[in-house]
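Below is one structure, written out as structure tokens, with a few remarks after it.
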Amino acid sequence: MADLSERFFADQSVVLPSGGPLYLQLKRWIEDAIHSGQINPGDALPSERDLAQKVDVSRVTVRKAVLQLVRDGILVQRHGSGTFVAPRTQRVEQSLSQLTSFTDDMARRGMVVRAQWLDRGLYLPSPDEMLILGLTASDRVARISRLRLTGDTPLAIERASLSSEILPEPLAIVDSLYKHLDKSGNRPVRAIQRIRAANLGAEDAGLLQVPEGSAGLNIERTSYLASGRVIEFTRSIYRGDTYDFVAELRLGDSSGGTKP
Ligand code: 16G
């Protein structure tokens, strides 16, 4: 156990915050200790029995509090070695006014990007893809699905669809999709992005290494060439705990009164 948390759990005379069921009081007490820096990411929690004794509650109460904290992603349990404060993830800011690629975004922050390919190939288009990308039923659509990571931290899952005319060889992409499109003069110049809150399902949560039901952001990006042709339709799922989308707002025309 790390020194700091060892001292915290040994020295502290426990005063649980009042209100609500006992396991929630214990949960809040642990959360407060993390937020105030008395215990830190990576620190180990005492065993269920030691904690129950120390706080003077039943082991069932400790188990319930810990389970909730694990579900919230605040604690992690490692088989055989115990329960730890979850590592702090670095939040990433992305501007909502610039059309950037994931690789560009991360490079600007000096972060190392990695992609784990989940799928890539040519398929018959779905009705949605036909509508958005302007394809017919006999056209092919290129689909690329990736888990995007920085270092070992997964940030997002991206599932992109493009016309096979634009991306005839999905296997030829080395790292960046936009860099690849740039080579054929097909890098998008404009995009519409729709962002929605979501709770992550089991599969996506597993890929993003967060508990099922954690907060996430569903983002749909439709990108266009200068000619107005839709080039990309991407559905992304970003981890809610790692991404901040930042928009710059300016005083709009409508504030000065109605136009003649
Ligand atoms: C961004 C875009 C995604 C695009 C990708 C290309 C969002 C929400 N999504 O992640 O639509 O396909 O960049 O990145 O911003 P790449 O060039 O690094 O492959």
Side-chain angles (χ1 to χ4, degrees), residues 89-123 125-126 128-129 131-135 141-198 200 204 207-208 210 215-226 228-248:
T89 47
Q90 196 182 348
R91 291 189 77 85
V92 175
E93 277 192 10
Q94 194 196 76
S95 163
L96 281 176
S97 52
Q98 303 286 325
L99 179 56
T100 50
S101 74
F102 186 87
T103 309
D104 293 343
D105 272 346
M106 296 300 151
R108 218 169 294 132
R109 297 178 180 87
M111 290 161 102
V112 183
V113 210
R114 227 157 42 80
Q116 192 180 308
W117 290 98
L118 305 173
D119 182 23
R120 51 177 163 170
L122 297 177
Y123 294 90
S126 69
D128 267 3
E129 287 167 332
L131 199 70
I132 296 167
L133 298 170
L135 303 175
V141 66
R143 288 193 196 136
I144 59 168
S145 300
R146 294 172 285 177
L147 178 66
R148 319 245 22 200
L149 311 100
T150 166
D152 285 334
T153 311
L155 286 177
I157 303 163
E158 293 194 324
R159 300 181 172 103
S161 304
L162 298 93
S163 156
S164 65
E165 232 177 70
I166 299 289
L167 185 62
E169 288 180 81
L171 292 178
I173 303 169
V174 181
D175 42 18
S176 160
L177 170 65
Y178 282 10
K179 216 190 278 174
H180 185 81
L181 294 173
D182 211 11
K183 286 189 211 152
S184 51
N186 286 323
R187 188 178 172 125
V189 296
R190 189 170 77 82
I192 302 285
Q193 207 158 279
R194 185 184 293 270
I195 305 178
R196 249 180 307 126
L200 300 174
D204 291 340
L207 286 168
L208 292 172
V210 291
L217 294 166
N218 263 333
I219 306 175
E220 285 179 5
R221 181 184 282 193
T222 310
S223 309
Y224 301 80
L225 294 178
R229 176 176 179 178
V230 175
I231 194 171
E232 168 203 13
F233 176 62
T234 298
R235 287 197 173 106
S236 310
I237 300 159
Y238 280 67
R239 269 170 63 159
D241 63 344
T242 54
Y243 243 80
D244 288 341
F245 284 90
V246 181
E248 185 187 285

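Just so we're clear, the structure is a prediction, and the values are computed from it rather than from any experiment. We count ligands from 1, going down the list as the structure has it; atoms in each ligand are counted the same way.
For the salt bridge (charged side-chain N to carboxylate O under 4.0 Å, His left out) condition, the pairs that include at least one residue of residues 171-187, sequence neighbours left out, are D104-R187, D175-K179.
The closest side-chain donor-acceptor pair between T234 and E232 falls under 3.5 angstrom. Side-chain contact annotation: E129 with S161, donor-acceptor N/O pair under 3.5 Å present.
Taking the ring pair (Phe, Tyr, Trp, His ring centres under 6.0 Å) definition, one finds that Y238 meets it with Y243, F245, sequence neighbours left out. Partners of A247 by side chain to side chain contact (heavy atoms under 4.5 Å, CB included), not counting sequence neighbours, listed by chain and number: L96, L249.
Using modelled atom types, no side-chain atom of R148 and backbone atom of A115 make a donor-acceptor pair closer than 3.5 Å.
Contact residues for ligand 1 (protein heavy atom closer than 4.0 angstrom to any ligand atom): Q94, S101, F102, T103, R146, R148, E158, S176, L177, Y178, Q193, I219, R221, E232, T234, Y238.
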